[in-house]
Amino acid sequence: MSKEAFPEWLQAIHITLDDKQKKQFEQYYQLLVEWNERMNLTGITEEQEVYEKHFYDSLTGASLPAFKAEGSFIDVGSGAGFPSLPLKICFPELQVTIVDSLKKRIGFLEEIVSELGLEGVTLIHDRAEQLARQKAYRDQFDMASARAVARLPVLLELCLPFVKPGGVFIAWKGASGEEELHTAENALAKLEAEAGSPEKMKLPKENSERVLLTFAKKKKTPKAYPRKSGTPAKNPL
């Protein structure tokens, strides 16, 4: 069973779960399946796949040197809460902000946060392009993340404006993630950031490859970015 193997998988990336955390992941899985019958949160609902492809995959980010277990973390377009909420469960001191443009998804995340008793989580219904224009969120976070299926130049424009100088944006990608880096050179130049070395890893059971891309922010984001809602996706940098 996947949830029995899950703690062993995590020990390999130096994460140890206590009984409370194991229970929180069980609750998370049950609520995900229940809500997924009413709205489209994920195409992955089989227990082993959720534990491996959502929970474990999200937690691989904690193995990065740039990850700060007590830092501030904004998750852009989080969907069903990945990667930020699995990270929050394992690292309770992490301060998490999630922004999502779909109100129904925020409703699901509100229930997850409440039922799991998570503190230090802020949920915001908004578009990243608009929220990043607000002083309270712009250039403020130690880390930003995206696990969305979007082109890298789009993700960089949506996420880097939230990161403080000296902080990082982390992109969760599949096996072809490293190949995407060549498409990001123009965006990185305009957004005052530089790419770190890709980190490759494999899922413990399925053995498929994942790539974590990190981007260090050197200076505050120029005022021109992000552009108005929809523009980054329609006309990537």
Side-chain angles (χ1 to χ4, degrees), residues 2-3 5-17 25 42-44 46-69 71 73-91 94 96 141-160 162-163 166-189 191 193-218 236-237:
S2 54
K3 65 182 178 184
F6 185 53
E8 296 177 17
W9 298 344
L10 294 184
Q11 285 179 356
I13 56 173
H14 310 293
I15 295 174
T16 301
L17 298 181
F25 278 110
T42 176
I44 297 171
E46 195 274 323
E47 186 181 66
Q48 178 179 296
E49 290 194 333
V50 170
Y51 270 80
E52 183 176 26
K53 296 180 181 179
H54 284 327
F55 296 164
Y56 176 87
D57 185 53
S58 294
L59 291 166
T60 58
S63 65
L64 296 170
F67 180 77
K68 297 180 180 180
F73 188 99
I74 186 166
D75 195 355
V76 178
S78 173
F82 309 123
S84 54
L85 292 188
L87 288 165
K88 176 66 178 178
I89 291 170
C90 291
F91 302 95
L94 188 68
V96 168
F141 293 86
D142 295 313
M143 299 166 282
S145 75
R147 198 168 161 264
V149 181
R151 288 172 288 180
L152 197 51
V154 179
L155 296 180
L156 290 166
E157 185 173 358
L158 294 180
C159 297
L160 277 170
F162 292 106
V163 179
V168 295
F169 163 55
I170 306 169
W172 270 250
K173 289 286 184 178
S176 62
E178 191 173 5
E179 298 171 14
E180 284 191 56
L181 281 172
H182 76 277
T183 70
E185 292 178 4
N186 184 53
L188 290 171
L191 296 166
E194 60 184 8
S197 299
E199 293 284 344
K200 298 179 182 179
M201 53 196 65
K202 291 185 177 181
L203 294 181
K205 189 171 180 65
E206 188 189 70
N207 213 35
S208 59
E209 190 172 276
R210 296 287 188 269
V211 178
L212 291 168
L213 302 176
T214 57
F215 303 90
K217 185 164 171 177
K218 298 180 291 184
L237 292 175

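For reference, positions follow the sequence shown, starting with 1. On a predicted model such as this, the values are computed, not experimentally measured, just so you know.
Counted within 6.0 Å of NZ on Lys202, heavy atoms from surrounding residues, nucleotides or ligands total 12 or fewer; the atom is thus considered open.
Annotation: side-chain hydrogen bond (donor to acceptor under 3.5 Å, both in side chains) contacts of Lys200 (sequence neighbours excluded): Glu178. Remark: Lys53 engages Glu49, Glu206 in a side-chain hydrogen bond (donor to acceptor under 3.5 Å, both in side chains) (not counting sequence neighbours). Take Glu209 and apply the side-chain hydrogen bond (donor to acceptor under 3.5 Å, both in side chains) test, not counting sequence neighbours, and it matches no residue. Scored by the ring pair (Phe, Tyr, Trp, His ring centres under 6.0 Å) test, Phe215 finds Phe169 as partners (sequence neighbours excluded). Here Thr183 pairs with nothing under the side-chain hydrogen bond (donor to acceptor under 3.5 Å, both in side chains) rule; sequence neighbours left out.
In this structure, the side chains of Pro198 and Lys173 stay at 4.5 Å or more apart for every pair of heavy atoms. Counting heavy atoms from C-beta outward, Ile15 and Phe91 have side chains that approach closer than 4.5 Å. By the 4.5 Å heavy-atom criterion applied to side chains, Pro86 and Tyr56 are not counted as neighbours.
Side chain of Asp75 to main chain of Ser84: a donor-acceptor pair is present (N/O by atom type, distance under 3.5 Å, no hydrogens or angles).
Rounded to the nearest 0.5 angstrom, Glu180 CD and Leu155 CG are separated by 8.0 Å.
Within the structure, every pair that satisfies the salt bridge (Lys or Arg N to Asp or Glu O under 4.0 Å) test and touches residues 57-67, not counting sequence neighbours, is listed here: Asp57-Arg147, Asp57-Arg210.
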